[in-house]
Amino acid sequence: LFSREETRCNNRALCFCASPLSFCLTGEAFGVNVTSQTQVVRGTVGREALLSVSYSSSSSDKPVIKWQVKKDKVKPVTVVQSIGTEIIGNLRPEYRSRIMVFENGSLLLHKLQLSDEGTYEVEISITDDTFTGEHYIKLTVDVPVSKPYIQMMASSVLEYSEHFHLHCSHDNGTKPIYSWLKGGKVLTNDSRLLLSHDQKVLSISRVLMSDDDIYACTVENPISSMKSIPVRLTVYRRSSLYIILSTGGIFLLITLVTVCACLSFAVDVVPKPTTLGRRSPMPLYVLNEDVSLSFIYKTSI
Ligand SMILES: *[C@@H]1O[C@H](CO)[C@@H](O)[C@H](O)[C@H]1NC(C)=O
Ligand SMILES: *[C@@H]1O[C@H](CO)[C@@H](O)[C@H](O)[C@H]1NC(C)=O
Ligand SMILES: *[C@@H]1O[C@H](CO)[C@@H](O)[C@H](O)[C@H]1NC(C)=O
Ligand SMILES: *[C@@H]1O[C@H](CO)[C@@H](O)[C@H](O)[C@H]1NC(C)=O
C-alpha cells in the first residue's frame, strides 16, 4: 500500500505524501471535481433527458466516465462506461442506440421509457488522479396526464341529503395526484366534506345550502397538471310545502284536486238555464247549480 501511494504521488510534480496511509496534503487539487446544478430531471415518456454534469481536474487526460442507475431495492446497474465520449464495450440491450455521453460527462438518454426512472450516479476518474468525482441525479419518467372529468350522483340535491358523492377520473397519466376545488378554492379533508384516501372521491356527508357551488378537480404529476371542466351542484332548500306533502298533506291535496275536478265537471254538464228553458217547457226539472254541486261533491267523497 505504502509503495503504491508513493508511486502515485511521485507521478505528480507537486505531490508529497504526509503519511503512508494515502492522504496527500494537496489532494484536493488532484481529484476530479464533478459539479451539477441538477438534482432531479423530470422526463416524459418518448422524449429525451439530459443528466447534466461537468467536471474539473488538474489533468488534461481523457476521463473514465461511468454511469450507474439504482432503481427501487435493486442493485445498481451500469448504464454506460466511456473514455471521454467513446463508449467502452457493449451496451445492455435496453440502452442500445439510446445513449450518448458528452465531453463534460453528461449523459443523454433518448426515447425515455418508464423503466428508466431511478437514481443515476456518475463517477469520473482520470487514470492517475487520487480521487474520483461522483454525483447523483434523480430521473423521473412520466406520461402526461389527460384532462380529468367529474361524475356526480345528480346535478341537484335536496338540503340535508346524506352521502352525496362526486368522483374525479382521468384516462392517461402516471402518478396522478388529485385535488378538488370548491368555488375556486382548494378543499381540504373536513368532517363533512370528506376526501377519499387517494382524493379521487369527494363525499358530502350531509348536504347544506353552502354546498351549492361550482366544483372542479385537478390531476397532476411531475410533468403536467390538468383541471376538469367545472360542474355546478344546485342545492334545494327543504321548503314548507315539502314538509306538508311529506306529513299526510298528500291526503288533503287529493281531496282538493277531486273537488276542483268536480266543480269544473258540474259546470260543464249543467246546461245554461236559458237554453234549457227554450228546449223544455218544464222548468221545474232544472236543477239549480248549487244543488247539483253539493250532490256530486257528496257522492265523490
Ligand atoms: C468543486 O467545485 C466547487 C465549485 O466550483 C467548489 O466549491 C469546491 O470547493 C470544489 N471541490 C473540490 C474538492 O475541489
Ligand atoms: C455538458 O454538455 C452538454 C452538451 O454540450 C450541455 O448541454 C450541458 O449543458 C453541459 N453541462 C454542464 C453542466 O455544463
Ligand atoms: C390516452 O392514451 C391513449 C393511448 O395512448 C390515446 O389513444 C387516448 O386518446 C388518450 N386519451 C386521452 C383522453 O388523452
Ligand atoms: C380524510 O379523512 C377520512 C376520515 O377521517 C380518512 O379516511 C381519509 O383517508 C382522509 N383523506 C385524506 C386525503 O387524507
Side-chain angles (χ1 to χ4, degrees), residues 1-44 47-113 115-141 222-223:
L1 179 72
F2 180 80
S3 63
R4 212 171 64 213
E5 265 328 302
E6 207 168 34
T7 317
R8 210 188 258 183
C9 288
N10 285 344
N11 287 342
R12 303 235 156 236
L14 290 170
C15 175
F16 89 99
C17 284
S19 89
L21 286 173
S22 89
F23 270 101
C24 292
L25 277 179
T26 48
E28 203 176 279
F30 306 151
V32 175
N33 193 359
V34 179
T35 52
S36 172
Q37 307 301 313
T38 322
Q39 246 107 63
V40 181
V41 173
R42 294 180 181 86
T44 303
R47 302 269 187 84
E48 58 186 37
L50 176 67
L51 308 183
S52 181
V53 296
S54 63
Y55 70 92
S56 60
S57 165
S58 53
S59 165
S60 57
D61 289 352
K62 283 207 162 134
V64 174
I65 301 165
K66 182 182 179 186
W67 280 94
Q68 287 185 297
V69 63
K70 185 160 175 17
K71 298 173 188 174
D72 277 342
K73 295 177 187 108
V74 181
K75 275 205 331 202
V77 169
T78 301
V79 176
V80 64
Q81 251 183 308
S82 71
I83 297 176
T85 58
E86 210 164 301
I87 293 170
I88 310 169
N90 287 328
L91 289 172
R92 298 165 71 92
E94 67 261 41
Y95 294 122
R96 261 170 224 158
S97 73
R98 298 211 287 135
I99 273 182
M100 249 182 99
V101 178
F102 288 114
E103 209 88 42
N104 58 14
S106 299
L107 175 70
L108 183 67
L109 270 167
H110 287 289
K111 299 198 193 88
L112 287 179
Q113 300 166 1
S115 58
D116 289 332
E117 189 163 290
T119 301
Y120 288 74
E121 182 196 14
V122 61
E123 279 175 22
I124 300 178
S125 55
I126 291 175
T127 333
D128 52 4
D129 264 348
T130 314
F131 300 112
T132 299
E134 49 180 47
H135 190 77
Y136 294 88
I137 297 179
K138 195 172 177 266
L139 173 68
T140 63
V141 181
I223 51 163

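Because the structure is a prediction, the values reported are computed rather than measured.
Listed for the Ser36 side chain is a donor-acceptor partner under 3.5 Å among the backbone atoms of Ser52. The main-chain N or O of Gly105 is found under 3.5 Å from a side-chain atom of Trp67 such that the two form a donor-acceptor pair. Formation of a donor-acceptor pair under 3.5 Å by the Arg42 side chain with backbone atoms of Thr140 is not found in this model. The backbone N or O of Val53 sits less than 3.5 Å from a side-chain atom of Ser106, completing a donor-acceptor pair. Side chain of Thr38 to main chain of Val40: no donor-acceptor pair is present (N/O by atom type, distance under 3.5 Å, no hydrogens or angles).
By the side-chain hydrogen bond (donor to acceptor under 3.5 Å, both in side chains) test, Glu48 is found to be paired with His110, residues two or more places apart in sequence or in another chain being considered. Considering only residues two or more places apart in sequence or on other chains, Arg98 meets the salt bridge (charged side-chain N to carboxylate O under 4.0 Å, His left out) condition with Asp116.
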Which side-chain N or O atoms in residues 69-84 pair as donor and acceptor under 3.5 Å with protein atoms at least two apart or in another chain?
unit_1 : atom_1 : unit_2 : atom_2 : d
Lys70  : NZ     : Val74  : O      : 3.1
Lys71  : NZ     : Ser115 : O      : 2.7
Ser82  : OG     : Gly84  : O      : 2.8

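Atoms CD and CD1, on Glu86 and Ile65 in that order, are 11.5 Å from each other to the nearest 0.5 Å. Rounded to the nearest 0.5 angstrom, Leu107 CG and Phe102 CZ are separated by 9.0 Å. Note that CD1 of Ile137 is 11.0 Å distant from OH of Tyr120, once rounded to the nearest 0.5 Å. Note: Met100 CE to Leu50 CG = 10.0 Å, rounded to the nearest 0.5 Å. Rounded to the nearest 0.5 Å, atoms CZ (Arg47) and NZ (Lys111) are 14.5 Å apart. Rounding to the nearest 0.5 Å gives a distance of 10.5 Å between CD of Glu117 and CG of Leu112.
For the pair Leu51/Val122, no side-chain contact is recorded, criterion being any heavy-atom separation below 4.5 Å from C-beta on. Looking only at side-chain heavy atoms (C-beta outward), Val141 and Thr44 stay at 4.5 Å or farther from each other. At a threshold of 4.5 Å between non-hydrogen side-chain atoms, the residues Leu109 and Tyr95 count as touching.
For the residue pair Leu139 and Gly43, the shortest heavy atom distance occurs at CD1-N, 4.3 Å. Of all heavy-atom pairs between Ile126 and Ser57, the closest is CD1-OG, 3.2 Å.
In this structure, Glu103 places its CD atom where only 12 or fewer heavy-atom neighbours from other residues, nucleotides or ligands lie under 6.0 Å away.
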